[in-house]
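Here's the structure, in structure tokens; my notes come after.
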Amino acid sequence: GCQIAVSPDTKHFAVDWLGVEVTRATLGIIGMGSIGYKVAQRARAFNMRILYHNRNRRRKEEEEAVGAHYCEKMEDLLHQSDFVMLVVNLTPETHKLIGKKELGLMKPTATLINISRGAVIDQDALVEAVQNKVIRAAALDVTYPEPLPREHPLLKLNNIIITPHIGTATVQAIHMMAEEAIANMLAVLNGQPIPSEVFPK
């Protein structure tokens, strides 16, 4: 819509330019860590049906607090979701977690959203899937590499939105990250427990 609004070729807006409601749609979250859980909290405000797939199932009280349902198999989540959001760390296990097979399991009306790392998706398979309408669309805050080469086919598709890895890029978030880093450094220097220890003892 933004591209159409600013395009020099636009003479009028089409009356059939319609989006998809998120209210009451099914959101599948792959990776229900702290960020995935915050996504679920926000999705609940839109009355979304929330499914999630994670290495470890969350406690029942946590599931009930956001109305989330656990999918032991990622395939079950992919089959049912209108929106699939990737919120996983990039590891050898999650490298190209979403490829041709997984995209083929998704609804043809589904949108894939990646806010984790670009290499979690097989980008060649994604290009093929959106070109052939295997899925409806994709929204990517991350790619590999970043930025993409200017001739990359992902940049030429009108059913893909790409943002420049700015999911947490706010003035407030950067201040909070700096304050947290300083608090951790001061704790180490003073021989105190580290508040945000990456590998707890």
Side-chain angles (χ1 to χ4, degrees), residues 26-43 50-60 62-63 66 68-106 110-130 134-135 137-149 152-154 160-170 173-174 176-178 180-181 184-185 188 193-201:
T26 299
L27 171 65
I29 301 171
I30 299 176
M32 189 67 112
S34 58
I35 296 173
Y37 195 76
K38 288 183 185 301
V39 169
Q41 290 173 323
R42 287 152 176 77
I50 302 166
L51 308 176
Y52 78 98
H53 173 74
N54 203 43
R55 282 176 303 184
N56 303 306
R57 185 170 183 170
R58 283 201 166 251
R59 289 183 292 115
K60 188 178 180 186
E62 293 174 322
E63 290 180 344
V66 293
H69 304 278
Y70 179 63
C71 292
E72 189 174 345
K73 294 181 180 174
M74 187 172 71
E75 290 81 1
D76 293 337
L77 179 148
L78 294 172
H79 276 303
Q80 298 178 64
S81 299
D82 299 303
F83 298 89
V84 174
M85 184 176 283
L86 301 170
V87 201
V88 295
N89 292 322
L90 179 60
T91 65
E93 292 74 34
T94 62
H95 183 260
K96 294 191 178 179
L97 178 69
I98 302 297
K100 183 172 185 172
K101 176 189 165 201
E102 291 74 23
L103 290 160
L105 293 172
M106 292 172 64
T111 297
L112 179 65
I113 304 164
N114 189 9
I115 62 168
S116 55
R117 290 292 182 267
V120 170
I121 297 176
D122 179 339
Q123 289 183 164
D124 293 336
L126 178 61
V127 168
E128 187 180 317
V130 292
V134 173
I135 64 171
L140 312 172
D141 187 45
V142 286
T143 59
Y144 67 92
E146 292 176 344
L148 286 170
H152 197 284
L154 279 176
I160 291 190
I161 294 173
I162 301 176
T163 50
H165 205 149
I166 56 168
T168 57
T170 66
I174 296 299
M176 286 175 8
M177 288 163 66
E180 185 175 355
N184 280 276
M185 288 185 270
V188 170
I194 303 168
S196 307
E197 196 168 15
V198 177
F199 299 108
K201 290 181 179 62

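These figures come from a predicted structure and were not determined experimentally.
S81 approaches A110 most closely through the heavy-atom pair O-CB, 3.7 Å. Nearest heavy atoms, Y52 versus R57: OH-CG, 3.3 Å. Of all the heavy atoms in Y70 and N54, the pair that sits closest is OH-O, 3.3 Å. Closest heavy-atom contact between V66 and I50: O-CD1, 3.4 Å. Contact detail for H53 and C71: the closest heavy-atom pair is ND1-O, 3.0 Å. Residues Q123 and L148 come closest through the heavy atom pair NE2-CD2, 3.7 Å.
T94 contributes atom OG1, which lies 12.5 Å from atom NZ of K96 (distance to the nearest 0.5 angstrom). The CG atom of L112 sits 10.5 Å away from the CD atom of E102 when rounded to the nearest 0.5 Å. The OG1 atom of T111 sits 11.0 Å away from the CG atom of L27 when rounded to the nearest 0.5 Å. Remark: H79 NE2 to L51 CG distance equals 12.5 Å, nearest 0.5 Å. One distance of note links CD1 of I162 with CD of E146; it measures 10.5 Å at 0.5 Å rounding. Atom-to-atom distance recorded for L154:CG and I161:CD1 is 13.0 Å, nearest 0.5 angstrom.
Put simply, the side chain of E62 gets close to the backbone of R59: a donor and an acceptor are under 3.5 Å apart. Panel note: side chain R58, backbone G33; a donor-acceptor pair is recorded below 3.5 Å. Formation of a donor-acceptor pair under 3.5 Å by the D141 side chain with backbone atoms of G167 is found in this model.
Between the side chains of S116 and N114, at least one donor N or O sits under 3.5 Å from an acceptor N or O.
Atom CD1 of I35 has 12 or fewer neighbouring heavy atoms from other residues, nucleotides or ligands inside a 6.0 Å radius.
Here salt bridge (Lys or Arg N to Asp or Glu O under 4.0 Å) pairs that include residues 116-128, with residues two or more places apart or in two chains, are K100-E128.
Looking at heavy atoms from C-beta onward, T170 lies out of side-chain contact with T168 at the 4.5 angstrom threshold. The shortest distance between side-chain heavy atoms of M74 and I30 falls below 4.5 Å. Looking only at side-chain heavy atoms (C-beta outward), I113 and L86 stay at 4.5 Å or farther from each other. The shortest side-chain heavy-atom distance between M32 and E63 does not fall under the 4.5 Å cut-off. Here the side chains of M85 and I115 are in contact, with some heavy-atom distance below 4.5 Å.
A side-chain contact (heavy atoms from CB on, under 4.5 Å) with L126 is found for one member of L140, I98, T143, V134 and no other, namely L140.
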(message) Applying side-chain hydrogen bond (donor to acceptor under 3.5 Å, both in side chains) to E180 and S196, what does each step give before you reach the verdict?
(response) CA-CA 8 Å; E180 185 175 355; S196 307; 2.4 Å; yes
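Judged as a side chain to side chain donor-acceptor pair (under 3.5 Å), and not counting sequence neighbours, R55 has no contacts.
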